Amino acid sequence: MSFLSRAAPVAACLTWAALAPIAEARPVSYPGGWTAMQMNNGDASSLHIHYSPTASDSIGFYAERNWAEDVQFTGLQYNRLLKRWNGPSSQANTYLKLGVGEADPFGDASGELSGFAAFAADWETRRWFTSYEARATDYAGNQSLRHSARVGVAPYIGDFGDLHTWLMLQVDNHPEAAEPTTTTPLIRFFKDVQMVEIGYTLETEELLANWIIRF
Amino acid sequence: MKLNKIAFGILALSVLTTPALADEMMDHSKMDHSAHEGAAPDLVDTKDVADSAQIVTAKVNGLVCDFCAQAVRKVFKKQDAVESVTVDLDNGQIVLGLKAGANMDDETIGKLIRKSGYSLVSIDRGDDA
């Protein structure tokens, strides 16, 4: 396979992502681990590539193309695992996410200092999953606050290396949006170090497609 | 616009499912594929632990998914004393196969498990009976 044919999908992906993000799963990896995650929904698409120097921190590049707010954000994101509770068959986490960078309103060449802050929490077993995230953004002076929550169930318990499947329901609240509250049934496929999610937002009839790879 | 967004989603999935790209990103050549080759379930690294000079089993809290298993595996595989790492999600434990002549004390094992992001409950070296 030629270099071009290999590079083309990467270039397309990066271009698209630069053109995104709400519920990022596990924003911190193992020490020395890299993670690439891409989130897409009706409002925005995002790309986040981060490195975890410890099991409690990660830092990396974050780009978001937000159609709902007509703005593109590019910057750095820092994620901090605030607290983890490890149980015999469960795990719960709270995270802080901070981003700083430049946001360019569509059609406007001048970027402005912008940023975001988010608090996220999750709890999961091998059967059940639930998460919540509150995210405040200031993109080029346009401030907004969003909430996102999920519940999920695994219809079967797979072994390591198997294809894991989760059925989830995501509820988003964005008071400034035309549809302030939306619900998105989605399916998550999880195998080894790769995760893919596909969903459909009922109120806005838009697709949700997310993926994560750890390496 | 809506169609564009759906097209973007399809593009993302196509990137993920492109074997050559996936191979390149995950550096498959460096991965241990033994877990997929007829091994017992739930095992991250199934290099035959019976060949190891010493087997250490650690009960660990917080192991609920493949990402967790990978984290533990990655951290322990970097240790010179470790020959194999097996993660048993069903029983919440990791089984370390140590190299001949090598040793790893309880304190080090606990430290590495915490470094991975998890909690050590107990260690069994199989010599308590």
Side-chain angles (χ1 to χ4, degrees), chain A residues 1 5-7 9-10 12-13 16-17 19 25-26 28-33 36 38 40-42 45 54-56 67 81 84-93 124-126 157-162 164 190-196 198 204-215, chain B residues 1-2 4-27 30-31 33 35-36 39-44 59-75 78 86-90 92 113-121:
Chain A
M1 185 173 284
S5 62
R6 284 177 178 232
V10 177
C13 178
W16 165 33
L19 291 177
R26 297 280 180 85
V28 177
S29 183
Y30 58 85
Q38 229 245 325
N40 312 277
N41 58 38
S45 290
T54 74
S56 299
W67 291 287
L81 172 63
R84 171 171 289 173
W85 293 266
N86 289 312
S89 58
S90 67
Q91 183 186 126
N93 304 282
E124 68 178 293
T125 67
R126 295 179 72 193
I157 304 297
D159 296 328
F160 176 82
D162 288 348
H164 302 266
F190 193 164
K191 182 172 173 56
D192 295 336
V193 293
Q194 306 164 79
M195 190 186 84
V196 176
I198 301 170
T204 57
E205 300 180 340
E206 290 173 317
L207 184 71
L208 174 147
N210 303 328
W211 58 259
I212 296 176
I213 299 178
R214 293 198 193 278
F215 45 98
Chain B
M1 177 63 85
K2 197 174 293 182
N4 286 343
K5 293 174 187 175
I6 293 173
F8 284 145
I10 294 170
L11 174 62
L13 293 175
S14 68
V15 168
L16 185 66
T17 54
T18 300
L21 178 63
D23 285 351
E24 198 163 331
M25 293 186 76
M26 295 177 61
D27 197 2
K30 294 180 182 176
M31 295 182 70
H33 294 272
H36 310 298
D42 268 4
L43 305 182
V44 170
K59 186 83 174 172
V60 178
N61 277 350
L63 294 176
V64 295
C65 68
D66 284 20
F67 278 172
C68 312
Q70 286 286 1
V72 170
R73 175 182 175 271
K74 293 277 187 180
V75 168
K78 290 180 181 175
T86 301
V87 179
D88 181 346
L89 292 177
D90 281 341
I113 288 171
R114 286 193 297 276
K115 182 181 178 184
S116 306
Y118 304 95
S119 306
L120 175 66
V121 177

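Please read all numbers here as calculations on a predicted model, not as lab measurements. In what follows, every chain begins at residue 1, and chains take the letters A, B, ... in the order their sequences are listed.
Legend: residues meeting side-chain hydrogen bond (donor to acceptor under 3.5 Å, both in side chains) with A:Thr54, ordered by chain and number and at least two apart, are A:Asp57.
Chain B forms the most heavy-atom pairs under 4.5 Å with one residue out of A:Ala55, A:Ser90, A:Gly87, and that residue is A:Gly87.
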Step-by-step side-chain contact (heavy atoms from CB on, under 4.5 Å) determination, B:Arg73 to A:Tyr30: CA-CA 10 Å; B:Arg73 175 182 175 271; A:Tyr30 58 85; over 6 Å; no
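Of the possible polar contacts, one joining the B:Asp66 side chain to the A:Gly161 backbone as a donor-acceptor pair under 3.5 Å is found.
Contact of B:Lys78 with chain A is made through the side chain alone, with heavy-atom distances under 4.5 Å. Of the atoms belonging to B:Ser119, heavy atoms from both backbone and side chain fall under 4.5 Å from chain A.
Test A:Asn86, A:Leu81, A:Val28 against A:Asn93 for side-chain contact (heavy atoms from CB on, under 4.5 Å) and you get one pass: A:Leu81.
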